[in-house]
Amino acid sequence: MGTLWAIANKDLRQLWRDKASFFWVLGFPLIMALFFGSIFSGATSGSGSGRMTVLVVDDDRSPFTEALTKELDANSALRVTDTLVIEEARDRVRTGAAVAFVRLPRGLGASYGFDRSDSMAIEIAIDPARRTEAAFLRGMLTQAFFATVQTTFTGPKGSRLIDETRASIADDTTIQTRDREALLGLLGGVEALMGAMTQLGEGTEATDTAAAAGQQQFFEGPPIRSVAVTRELSAPRSSWEFTFPQALLWALIGVTAAFAVGLASERTRGTLMRLRLAPIRRSHILLGKGLAAFVAGLVSTAILILFGILVFGISVADPFKLALALVAAAACFCGLMMLIAVLGRTEQAVGGAGWIILLIMSMTGGAMIPLFVMPSWMQTISHVSAVKWAILAVEGAIWRNFSYAEMAFPVAVLLGIGLVGFAVGSFILTRRDLA
Amino acid sequence: MSDAVISVRHLRKTYRNLVAVDDVSLDVHAGETFGLLGPNGAGKSTTLGMLVGSTPPDSGEVNIAGATDPSRPEARKQIGIAPQALALYEDLTADENLRFYARLFGLTGARQRERVDWALTFAQLTERRSDLVRTYSGGMKRRLNLAIALIHDPTVILLDEPTVGIDPQSRNMIFSAIEDLKANGRTVIYTTHYMEEAQRLCDRVAIIDHGRILANDTVPQLIASHGGNASVSVTFDRRPETMPINGEWSDRTLTVSTAEPLGVVQQLERVGVEYRDLAIEQANLESVFLNLTGRGLRD
């Protein structure tokens, strides 16, 4: 193990000191992530048009709640869809098809939001991680609520409604005297407030104390309660969540090319011959080289993903699955490195052939342009590219929410490619240069 | 021949239609500095490659450092080779290069530090030990190349053209180093196409050309056997009308090939003829090679 690590350590040191290779391993992938991340930003914000998709579950189906829904839909920042079924709404939020759903409780239309009991609270169901969207939606809902109340209680229609309600309360024998007085007082406040708001609209000042009292009561807003619906990701939350997996692949491609050329360089410079003449096994040379490429791949991808998490807020659904994906991807490209290293006898030959192969793999595998924007025939071709399986595995851990069973296939493909590549490359290298 | 550290019998190596090494046999004894002298492409490096096991022979036998298979780890620990091409990691420092190779030869801890310090002193690179090799001059790289070959203190050292392309200071340093190795009882095989180096450093020299060993002996014996006559060149101000000494004339210069150059000078004195210049050129390894092959070492 000491010999193995000595060879790997030497190779890693050389990579660290080679500024050009270092750029391809870390700098270029980062540039790619930022470039494509910026291009695609907004494409994954929930609706694709910059509007937040919100569902409304109207349990009340009253004129007031229908008006409230219309008011919400009038907001240019929201795309509101009315739905009857709570389960459907919850599923769509959980799968990311909608950002949130708003549940209007039964009886809201009758109380107009004056009943502040728990059962009358409006629910906003949203992923707790979406704090910004939750706050925004709460504000928009409050605004729509006030607008609906104002529309409802102002003008002749509103006055008539207040009169009818007042008469209804007065005639209702089931209401206790104390409650009746409170409700009538509240209704007076509403009437005063609406009057004052109308005056404000006409440019006169509201000085009535009743109006002020009504305003104070209403300023508390409607009772709104947040309900957590954790999103089971099946789509990236931001463009960074699909450009950073691509960046990881560029890092692995950079590592592969650098180490393949490095191995060719050992051959042409005569240091490989010197390694052969050391009292070590050939397998130590091969495994040492492979270990260096593996460690470089793992470290560079870990640095990039950490950068994505810290700077761009990428959220990893399952760190263990991500670690599994990165290990498999690094192992795969370590094997490819060994295969590419024997494609030529000089650095130029290996570098040329290697970059051509790696670029074709990256183009077909989705490291340049995401697979989902490619035509179907291209997506079919991508199956032969290791890049595709590596991206799939990484995305599976970040936002596709793969189960371990779902992770198994791309991980197995990556490990298989890595093993075959390493075995074939080692066989040729041993016969040609280490015999 | 029982103390031969290196023993080679009927080695042959071909590359397609080219015979690189053809029926080479030789013995090198413990503590001996043995030269392989020949022009570029003569088969020197291929022979070294077969000695250390990096080039498999088509046929023949090699016995080196007590092993018939030089690729065995026990044999490799006894052998140090400085290849003709500078086999160095230029992105590493001299210190890192030496520590890396020391580790491959199983040296760790205090022993590794001791040998690395020794090698840096040997190569006169102690002050530059932390500089990247790519910043070194050709001579410094060549010295480091040699130091790496010696890092594990081998008993058999193979040096393939170790002075190619270096400055006189580094060449002299390498000469001194080889003489020190010899003084310490190390066995050295030294390939070169510079006859002065072989003449200065080697106890015995094998003349190799087109893959075949043409002669193998001590330098004086080679010269005596194959060097031919010395040549005496006499230049006159005016070509004498009579000259009792036979030789070849070129304008006013007479060149005489003779085994007794002093006899020619004495004969000139007896005749009493006046000459402007006289030069005696003794036979050397160059003339040995010329006589054996019909061409010069650098042709």
Side-chain angles (χ1 to χ4, degrees), chain A residues 1-25 255 258-259 261-289 291-292 296 345-347 429-435, chain B residues 45 48-49 51-56 64-65 67 69-93 95-109 112 131-135 141 144-145 148-149 151-152 154 156-158 160:
Chain A
M1 194 61 195
T3 307
L4 216 66
W5 180 243
I7 294 170
N9 185 35
K10 184 269 296 172
D11 280 359
L12 290 170
R13 213 179 275 261
Q14 284 184 287
L15 177 71
W16 174 254
R17 292 197 179 139
D18 182 359
K19 298 291 175 284
S21 295
F22 199 70
F23 169 77
W24 289 113
V25 169
V255 166
F259 278 93
V261 171
L263 195 46
S265 173
E266 291 244 31
R267 187 186 304 124
T268 57
R269 286 177 182 273
T271 47
L272 189 60
M273 193 271 278
R274 220 163 196 165
L275 291 180
R276 281 174 60 196
L277 298 180
I280 56 174
R281 291 179 187 162
R282 281 175 295 194
S283 60
H284 282 167
I285 300 174
L286 298 169
L287 290 173
K289 294 273 166 202
L291 179 63
R345 289 184 178 273
T346 64
E347 294 102 307
L429 190 72
T430 302
R431 278 179 62 97
R432 201 173 67 186
D433 298 300
L434 297 175
Chain B
S45 297
L48 284 197
L51 285 181
V52 296
S54 64
T55 305
I64 184 166
D69 179 5
S71 64
R72 292 185 65 81
E74 307 83 61
R76 288 196 163 155
K77 283 185 177 175
Q78 299 295 316
I79 303 168
I81 181 166
Q84 184 177 346
L86 294 167
L88 305 168
Y89 296 108
E90 302 223 337
D91 288 333
L92 302 184
T93 65
D95 193 74
E96 288 166 341
N97 267 281
L98 288 164
R99 274 194 285 122
F100 172 64
Y101 283 111
R103 182 68 193 83
L104 296 190
F105 278 90
L107 303 179
T108 54
Q112 185 189 89
D131 293 345
L132 296 182
V133 170
R134 65 163 171 255
T135 65
K141 288 178 185 175
L144 179 61
N145 197 44
I148 288 171
I151 189 70
H152 55 293
V156 177
I157 299 146
L158 309 179
D160 193 3

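Each chain gets a letter, A, B and so on, in the order the sequences are listed, and its residues count up from 1.
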Visitor: Out of S71(B), P73(B), P70(B), return the one with the most heavy atom pairs under 4.5 angstrom to chain A.
Guide: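 Going by pairs under 4.5 Å, I would pick P73(B).
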Visitor: Given the options Q14(A), K10(A), R269(A), which has more heavy-atom pairs under 4.5 Å with chain B than any of the others?
Guide: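 So the answer, after comparing Q14(A), K10(A), R269(A), is K10(A).
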Visitor: Report the distance from atom CG of N9(A) to atom CG of L4(A), rounding to the nearest 0.5 Å.
Guide: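 One finds 11.5 Å between CG of N9(A) and CG of L4(A).
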Visitor: Say you draw a straight line from CG of D91(B) to NZ of K19(A); how long is it, rounded to the nearest 0.5 Å?
Guide: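 Reported to 0.5 Å precision, the distance equals 9.0 Å.
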Visitor: Need one label for E96(B): side chain, backbone, both or neither, based on atoms under 4.5 Å from any heavy atom in chain A.
Guide: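 Only the side chain of E96(B) comes within 4.5 Å of chain A.
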Visitor: Could you check which of L275(A), L272(A), L277(A), T3(A) has the highest count of heavy-atom pairs closer than 4.5 Å to chain B?
Guide: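 Of L275(A), L272(A), L277(A), T3(A), L277(A) has the most heavy-atom pairs under 4.5 Å with chain B.
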Visitor: Which bit of I7(A) is near chain B, if near means a heavy-atom gap under 4.5 Å: side chain, backbone, both or neither?
Guide: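 Answer is both: backbone and side chain atoms of I7(A) are under 4.5 Å from chain B.
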Visitor: So which part of E90(B) gets closer than 4.5 Å to some heavy atom of chain A, the side chain, the backbone, both or neither?
Guide: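 Side chain only.
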Visitor: Can a donor-acceptor pair be found, under 3.5 Å and without considering hydrogens, that links the side chain of R274(A) to the backbone of A87(B)?
Guide: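 Present.
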Visitor: Using a cut-off of under 4.5 Å for heavy-atom pairs, which of G80(B), P83(B), A85(B) has the most such pairs with chain A?
Guide: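 Answer, by heavy-atom pair count under 4.5 Å with chain A: P83(B).
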Visitor: For L132(B), is it the side chain, the backbone, both or neither that has a heavy atom under 4.5 Å from a heavy atom of chain A?
Guide: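 L132(B) touches chain A through side-chain heavy atoms alone.
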Visitor: Consider side chain to side chain contact (heavy atoms under 4.5 Å, CB included). Of Q78(B), H152(B), R76(B), which one does P279(A) pass it with?
Guide: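 The passing option is R76(B).
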Visitor: Does R17(A) CZ have over 12 foreign heavy atoms under 6.0 Å away?
Guide: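 Yes.
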Visitor: Which atoms of A75(B) come close to chain A, meaning under 4.5 Å heavy atom to heavy atom: side chain ones, backbone ones, both, or neither?
Guide: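 The answer is neither part of A75(B).
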Visitor: Look at the rings of Y89(B) and Y101(B) and say which category their plane angle falls in: under 30° parallel, 30 to 60° tilted, over 60° perpendicular.
Guide: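 Answer is parallel, since the angle falls under 30°.
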Visitor: Does R13(A) use its side chain to pair, donor to acceptor, with the backbone of L92(B) at less than 3.5 Å?
Guide: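 Checked: no pair found.
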Visitor: Can you say whether F105(B) sits under 4.5 Å from chain A via the side chain, the backbone, both, or neither, judging by heavy atoms?
Guide: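 The answer is both parts of F105(B).
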